[in-house]
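Values reported hereafter were calculated over all heavy atoms of this structure, with side chains retained and with hydrogens, waters and symmetry mates removed. Letters A, B, ... mirror the listed sequences (proteins, then strands); counts begin at 1. Everything numeric here is computed off the predicted structure, so don't read it as measured data.
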Amino acid sequence: VLGRRHVLTRFLLAATLLALAGACERIPQDPRGTLDRVTGATMRVGVSEMPPWTQFDDGEIRGVEVELVRRFADELGAEIAWVQGSEAALLEALERYELDLVIAGLTDDTPWNSRLGLTTPYVTTKTLVGVPPASPPPAELAGLEVAVERGDVAAALLREKGAVPVVVADLSAASGPVAADDWWITAQGLRTLSTELQEEKHVMAVPPGENAWLVRLERFLSPLEDLEVRRLLRATAEAEP
Amino acid sequence: MRTAWFEDMLSLIPPAVFLIASRVSLRRPTAKFPYGYHRATAAGHLIAGAALAAMGLYLLIEALVKLATAEHPTIGTVEIFGHAVWLGWLMLPALLWSALPAVFLGRAKLPLAESLHDRVLHADAKMNKADWLTAVAGIVGVLGIGLGFWWADAAAAAVISLDIVHDGWTNTRVSVTALMDERPISVDGSKHDPLPERLADRLRQLKWVQAVEVRVRDEGHVFFGEAFIVPKDERHPVGRIQEAVRIAREMDWRLHELTVTLVPTLAERRSEAPGDGEASTAARGHDADDEPPRVDRARRRRPQRAE
């Protein structure tokens, strides 16, 4: 028991001294050295399509997260090697350190969160109901017919609230109430109702335990204004044909 | 998070058991429980010891699984006043803060457990020790992770869980052997309590006593026992028994009840099982020194008759 305690005390002392020796900037470190390897070199980024966060147009990779990653790579003086694939395939490669970063419109409630490093959310979006500003707002959601894009989970959420989802192919063609992300509703000049269908906290994924790399990415994302992300979102929406 | 919750639940068991057992054990004997409720303490000690062992084993297995699967713990940042601060730096003072009360509580409880002869409190103090050791392991782990050693947290937890398992095992063992009426031992189970020998010696000094044999068992926080006395003659049996009981109870407050039996001879009642070492279940006046019993084997093997 004495010997063990002795070793422990020494380790604790050594670790504390190291921490105090002006090493604050060098803590945390990456067990696999991702940050050092990527800086000034190549960053392997997995991207899975999830407009408007990530999208592929005629071989061109665009989207809000794509733009953010490009800026981040600029800061590090790194080239980006894009890897396209399904979210599951990319995240599995990320977990095994075959990629350095994955963007796929991920949210913080992804079931992968215990197996990977996720950034703290850099923006939060809400799914709301928007109504034309001219007509008086409906008194309640129950019984209201709301347009929803095909395959959007918002339809199920609307049904839970007693509303009647009307599935459409293109939301921007709808004339009445619509269920969509808050930034889209605002961009369309619609008025939002207070009922919140869901809240999504957007994150990016890094390999597990690469803490210096994660902290560097978070220090890039954290000063980012919500406004800037929303501006990028609107720019993406407007660029759509 | 789930782990921490499970640990917290486990570490609540010893203090809860202590509070319940120390209440229950003071109840007066009833028709249903004619010996009183003292053994509640012994039962409580078994539960507390098992909880401690479970905690140690749980931590050990969890740490080993993490090491085996090479789980790389991810610690990101949190934004404080516009700065992205590494969460590890915040974990250090938080862990230190959670360790401090347990250090002081544990240290305060140990001497109390000794003087109250309360083994549940002793196990509870060890659980406090387990709590602060876990926090210290967490501190070492976070620092190690900061330095880039992914295994630091699990390794520190594994080392510390060994100490907790040891405490849990000792407490469980002591509680089981006490329930099996082992002779009294100190609360931490490290040494024999010399009370049976001292009592036998003291009774032998009485003028009317020719030979004595005493056996004492630990009922958790108090002792019960029997004294078999061979008197020199058969006068005043009631008065003599009362005198012996009074002397015994004055010797040690822990000796709650002594049954004195006057016998014509001391029948050999000792276990003669092979390998029976120092742990003598009974003490004769002429065997006892100041030391715990170190009985001459040759003499013990031979049946002895009362003179």
Side-chain angles (χ1 to χ4, degrees), chain A residues 1-5 7-20 23-36 95-97 108 113-122 203-225, chain B residues 1-3 66 69-93 95-96 99 129 132-167 170:
Chain A
V1 177
L2 204 93
R4 208 161 61 222
R5 209 169 272 168
V7 170
L8 204 95
T9 318
R10 277 196 179 173
F11 184 34
L12 195 69
L13 254 172
T16 313
L17 282 179
L18 266 174
L20 291 177
C24 288
E25 274 306 301
R26 310 242 347 119
I27 286 182
Q29 293 265 313
D30 285 332
R32 281 169 168 259
T34 302
L35 178 59
D36 288 342
E95 188 189 17
R96 307 291 293 270
Y97 306 96
D108 70 337
N113 64 4
S114 60
R115 292 165 62 179
L116 298 166
L118 294 183
T119 63
T120 44
Y122 65 91
V203 299
M204 299 184 187
V206 296
E210 293 298 277
N211 294 317
W213 175 235
L214 174 65
V215 166
R216 183 67 190 81
L217 176 59
E218 287 186 337
R219 291 210 167 119
F220 163 76
L221 291 174
S222 135
L224 209 67
E225 297 287 339
Chain B
M1 238 9 233
R2 199 170 47 90
T3 311
K66 278 182 181 174
T69 57
E71 190 183 306
H72 288 45
T74 309
I75 303 177
T77 64
V78 63
E79 200 176 306
I80 301 172
F81 303 120
H83 289 274
V85 178
W86 188 50
L87 256 175
W89 294 127
L90 301 186
M91 288 176 181
L92 296 181
L95 283 166
L96 204 62
K129 183 181 149 208
W132 72 256
L133 275 178
T134 312
V136 169
I139 289 173
V140 174
V142 167
L143 285 174
I145 290 168
L147 294 173
F149 306 112
W150 61 266
W151 43 262
D153 193 45
V159 168
I160 265 157
S161 66
L162 289 178
D163 198 56
I164 301 172
V165 168
H166 176 255
D167 278 346
T170 309

Is there any residue in residues 114-122 of chain A with a non-hydrogen atom under 4.5 Å from a non-hydrogen atom of chain B, and which ones are they? L116(A), G117(A), T120(A)
Heavy-atom cut-off 4.5 Å, strictly under: side chain, backbone, both or neither for I145(B) against chain A? both
Taken to the nearest 0.5 Å, the spacing of L147(B) CG from I27(A) CD1 works out to 4.5 Å
So what's closer than 4.5 Å to chain B heavy atoms on Y97(A): side chain, backbone, both or neither? side chain
Measure distances from P223(A) to the heavy atoms of chain B and classify the residue's part below 4.5 Å as side chain, backbone, both or neither. neither
For the residue pair S222(A) and E79(B), what are the closest heavy atoms and their distance? OG-OE1, 3.1 Å
Options P31(A), G33(A), P207(A), ranked by heavy-atom pairs under 4.5 Å with chain B, top entry: P31(A)
Is there a side-chain contact between E218(A) and W86(B), using heavy atoms and a 4.5 Å cut-off? no
Rounded to the nearest 0.5 Å, how far apart are NE2 of H72(B) and CD of E210(A)? 7.0 Å
Heavy-atom pairs under 4.5 Å with chain A, option from L87(B), T77(B), V136(B) with the top count: T77(B)
Which residues pass the side chain to side chain contact (heavy atoms under 4.5 Å, CB included) test with L96(B), not counting sequence neighbours? I139(B)
